Asks: 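Submitted below is the structure of interest, expressed as structure tokens.
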Amino acid sequence: MSHPELSEQEILRRESLQKLRDLGIDPYPAALYPVDAFAADIKANFEDGKQVCLAGRMLSQRIMGKASFAEIQDASGRIQVYFNRDELCPGEDKTLYNEVFKKLLDLGDFLGIKGHMFKTQVGEISVHVTEFQLLSKSLRPLPLPKTDAAGIVHDAFTDPELRYRQRYVDLVVNRQVKDVFIKRTKLFNAMRDFFNSAGYMEVETPVLQAIPGGASARPFITHHNALDIPLYMRIANELYLKRLIVGGFDGVYEFSKNFRNEGMDRTHNPEFTAMEIYVAYKDYNWMMDFTEQLLEHCALAVNGTTIAQFGEHTIDFKAPYKRVTMRQAIIDFTGFDIAGKTEDELRSAARGMGIEVDETMGKGKLIDEIFGEKCEGNYIQPTFITDYPKEMSPLCKVHRNDPSLTERFELMVCGKEVANAYSELNDPIDQRERFEEQLKLQERGDDEAMFIDQDFLRALEYGMPPTSGLGIGMDRLIMYLTNNASIQEVLFFPQMRPEVQAPKVTLNETETAIFSKMQQEKQLLLSELRTHFDISNKLWDTSLKTLTKNQLLAVSKEDDLLFVKLL
RNA sequence: GAUCCUGUAGCUCAGCUGGUAGAGCAAUACACUUUUAAUGUAUGGGCCCUGGGUUCGAAUCCCAGCGGGAUCACCA
């Protein structure tokens, strides 16, 4: 048996696997293991001599002749276990200890341990093993960071590429990574609790949509074969939740995986999670109160405190939060009053502030640019920015006191938006006009403008009660609550470019020559490529066939001309 | 898309003005019955990201490509 493609350590582990089988030990047993204890509980509730049964990965081994220590890591943490040869193998046959434990087990293997609690001479809480069983064999060596007496981690597994691509490894060896995701789940649970106890209902709405509505973004497109129509992955679920309010639910919410076909960076992933909630008979003022209560509740549930450290900033999620109108925010940071200004006045004011603007921008977009450039970044503590211009908010009700504004707020934290809410527009005629405005913007060249959803308008025509809606970027919020500057750190499996397997084909001299020529040229006429090689037609033919068969090159015919392409 | 940084053993990283590829951990063998970054002795392990170029000679210098990261631009 040879494994030329495997590393030395992988080969050795496969050999150990076979030796275990030869000894009659099943390296992947089927039966359940009757776990009744966890590492963290044993440490927290130590009782000398108490029998325990635990299971987990063995992550270190300290062998000292006839006795050994090992560390077992289970879901709760790590605990030291003690193996004694003559207790585990009371008779003449010491195979279980000498062979199985010392030689055939590897770091990373899952073990089941039965034994009793005790403290070592240096006072470390441990489990004295009376029986152990291999539960699953690990065939690949894990990276093994070590923590010294001073708490400094050595040889940490830190390469971001490896950590994201092999998150399972990251989670095994980097405890702090696991804690981030535990907090993420706590956040979701805390929100659910808060909404459920308020009497609102969690719902599910379509991810595949014929019209991608509810936000301005480029969608992912796919195709439904049976219907033979294009379908879009949702960019937002807003319009569906409002249909449910039309249908008579008082409060509905959904944690919505949204998909946007746009750039990726440390705050954007192509798929991300938003929470949206809609509550009937409320307005955006009520929603501000609700939001600050919600976030205070969530921060407490996740971190046990309303204070969160994010980079250099200390944020306090304790309610209430400051409320500033967008007009006032712009006055505060630029001295410019947007009230009553025409589009041209706004454009030249923006230019005067050094902001790049162009002719496709309407009033709303211009104000948005000014706010984004000059104001947004200054709001570190949670702050509600209210009363956005009408043009920017096509789904939002006109302000009760000023027809040029809408009843909208965004919650800014550390200079970034984490929540967005409206008194929802429920006037179907107004909504239709707003959609038509969006169409005009689209015609002017604004590729972010929204599509018109006729069915949504029909629903509004049946009547939607006054409603307030709120959307929260869950990924961004959990970044704040766990002090992570990168969205990749709060997603289990952030989007990565797929790994490309290097071709495993061994090419002969001629094939290599042709292939490297094509690596330079990318595409060539077959006849022209041929002229570069002074070889027999037969060799030419077989070499090219090898290359195409291994999908390194492809030959295609266009207008009676044969082209060779690099794949 | 632009700029900068980066790619060396299973993991974390050295490797100078070009000259036979190094350490710690992990692995293998031996010793060791309460250790804890266990210890001691010995041993094995490399397409130095890929392809070109310069050179007597390239992990090292140059060019191109690929992957990753950071910053910026774009994008709620």
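Please read these numbers as outputs of a predicted model, since none were measured by experiment. First the proteins, then the strands, lettered A, B, ... as listed; each starts at 1.
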Asks: Within the structure shown, what part of the strands sits under 4.0 Å from A:Thr158 by heavy-atom distance: base, sugar-phosphate, or nothing?
Replies: sugar-phosphate
Asks: Heavy-atom distance under 4.5 Å between the side chains of A:Tyr82 and A:Val129, does that happen here?
Replies: no
Asks: A:Gln488 side chain: which of B:rG67, B:rG69, B:rU33 is closest?
Replies: B:rG69
Asks: Roughly how many Å apart are B:rA23 and B:rA42, using the P atom of each and rounding to a whole number?
Replies: 13 Å
Asks: A:Leu142 near the nucleic acid: base, sugar-phosphate alone, or nothing, with a heavy-atom cut-off under 4.0 Å?
Replies: nothing
Asks: In this structure, how many angstroms lie between the P atom of B:rA9 and the CG atom of A:Asp159, rounded?
Replies: 11 Å
Asks: Would you mind reporting whether A:Ser256 and A:Arg234 have side-chain heavy atoms less than 4.5 Å apart?
Replies: yes
Asks: Counting only Watson-Crick pairs (N1-N3 plus N6-O4 or O6-N4) and G-U wobbles (N1-O2, O6-N3), all under 3.5 Å, who is the partner of B:rA64?
Replies: B:rU50
Asks: Using a heavy-atom cut-off of under 4.0 Å over every strand shown, decide if A:Val122 touches base, sugar-phosphate, or nothing.
Replies: base
Asks: Counting only side-chain nitrogens and oxygens, does A:Gln80 get under 4.0 Å of the OP1 or OP2 atom of B:rU34?
Replies: no
Asks: With both distances under 3.5 Å as the test, what is the Watson-Crick or G-U wobble partner of B:rA37?
Replies: none
Asks: Can you tell me how far P in B:rG22 sits from the matching atom in B:rA27, rounded to whole Å?
Replies: 23 Å
Asks: Would you say A:Lys66 places a side-chain N or O within less than 4.0 Å of OP1 or OP2 belonging to B:rA31?
Replies: no
Asks: Using whole Å, what does the distance between atom C1' of nucleotide B:rU6 and atom CG of A:Leu162 come to?
Replies: 13 Å
Asks: Classify the nucleic acid contact of A:Glu376 as base, sugar-phosphate or nothing, counting any heavy atom under 4.0 Å across all strands shown.
Replies: nothing
Asks: Heavy atoms from C-beta onward define the side chain here; which of B:rA26, B:rG67, B:rG24 lies closest to that of A:Asp155?
Replies: B:rG24
Asks: Report which part of the nucleic acid A:Lys103 touches: base, sugar-phosphate, or nothing (heavy-atom distance under 4.0 Å, all strands).
Replies: sugar-phosphate
Asks: Quick one: label A:Phe157 by what it contacts on the DNA or RNA (base, sugar-phosphate, nothing), any heavy atom closer than 4.0 Å.
Replies: sugar-phosphate
Asks: Reckon A:Lys146 has a side-chain N or O less than 4.0 Å from the OP1 or OP2 of B:rA38?
Replies: yes
Asks: Identify whether any heavy atom of A:Arg85 sits under 4.0 Å from a base atom; if not, whether one sits that close to sugar-phosphate; answer base, sugar-phosphate or nothing.
Replies: nothing
Asks: Any donor-acceptor pair under 3.5 Å linking the side chain of A:Ser68 with the backbone of A:Phe83?
Replies: no
Asks: Considering only heavy atoms from C-beta outward, does the side chain of A:Asp106 approach that of A:Leu12 to under 4.5 Å?
Replies: no
Asks: Please measure how far the P atom in B:rC13 lies from the corresponding atom in B:rA31, and state the result in whole Å.
Replies: 36 Å
Asks: Once you apply a heavy-atom cut-off of 4.0 Å, does A:Arg260 come out as touching a base, just sugar-phosphate, or nothing?
Replies: sugar-phosphate
Asks: Now, which nucleotide makes the Watson-Crick or G-U wobble pair with B:rC11, with each of the two distances under 3.5 Å?
Replies: B:rG24
Asks: Kindly determine whether A:Asp170 and A:Gln166 satisfy side chain to side chain donor-acceptor pair (under 3.5 Å), including the steps that lead there.
Replies: CA-CA 7 Å; A:Asp170 195 23; A:Gln166 302 185 33; over 6 Å; no
Asks: Taking a pair as Watson-Crick or G-U wobble with both distances under 3.5 Å, which nucleotide is matched to B:rG1?
Replies: B:rC72
Asks: Quickly work out the A:Asn98 CG to B:rA31 P distance and round it to whole Å.
Replies: 9 Å
Asks: Please state how far atom CZ in A:Arg13 lies from atom C1' in B:rG44, giving the value in whole angstrom units.
Replies: 17 Å
Asks: Between B:rG24 and B:rG19, how far apart are the P atoms? Round to whole Å, please.
Replies: 23 Å
Asks: Once you round it to whole Å, what is the distance between P of B:rA70 and CG of A:Asp265?
Replies: 9 Å
Asks: Closest-nucleotide mapping onto RNA chain B: is A:Asp148 or A:Pro143 further toward the 5' terminus? I mean the 5' end.
Replies: A:Pro143
Asks: Between B:rG67 and B:rA73, how far apart are the two C1' atoms, rounded to whole Å?
Replies: 22 Å
Asks: Report the base-pairing partner of B:rU17 (Watson-Crick or G-U wobble, both distances below 3.5 angstrom), or none.
Replies: none
Asks: Give me the distance, rounded to whole Å, that separates B:rA9 from B:rC61 when you measure between the C1' atoms they each carry.
Replies: 25 Å
Asks: With both distances kept under 3.5 Å, what pairs with B:rG44, Watson-Crick or G-U wobble?
Replies: none
Asks: Heavy-atom nearest nucleotide on RNA chain B for A:Tyr388 versus A:Ser486: which residue maps closer to 5'?
Replies: A:Ser486
Asks: Regarding B:rA26, can its base be found pairing with the side chain of A:Gln9 as donor and acceptor, where the two atoms are less than 3.5 Å apart?
Replies: yes
Asks: Rounded to the Å, how far apart are A:Arg62 CZ and B:rA27 P?
Replies: 13 Å
Asks: Rounded to whole angstrom units, what separation is found between the CE atom of A:Met64 and the P atom of B:rU39?
Replies: 12 Å
Asks: Should the ring pair A:Tyr97 and A:Phe101 be called parallel, tilted or perpendicular, given that the plane angle runs from 0 to 90° and is split at 30 and 60?
Replies: parallel
Asks: Tell me whether the centres of the aromatic rings in A:Phe333 and A:Tyr379 are closer together than 6.0 Å.
Replies: yes
Asks: Roughly, in whole Å, what's the span from CZ in A:Arg497 to P in B:rG65?
Replies: 14 Å
Asks: I want to check something: taking the side chain as every heavy atom from C-beta on, are A:Lys146 and A:Asp155 in contact at a cut-off of under 4.5 Å?
Replies: no
Asks: Could you work out the separation of B:rA38 and B:rA70 based on their P atoms and round it to a whole Å?
Replies: 32 Å
Asks: Say we look at B:rU55 and B:rC63: how far apart would their C1' atoms be, to the nearest angstrom?
Replies: 16 Å
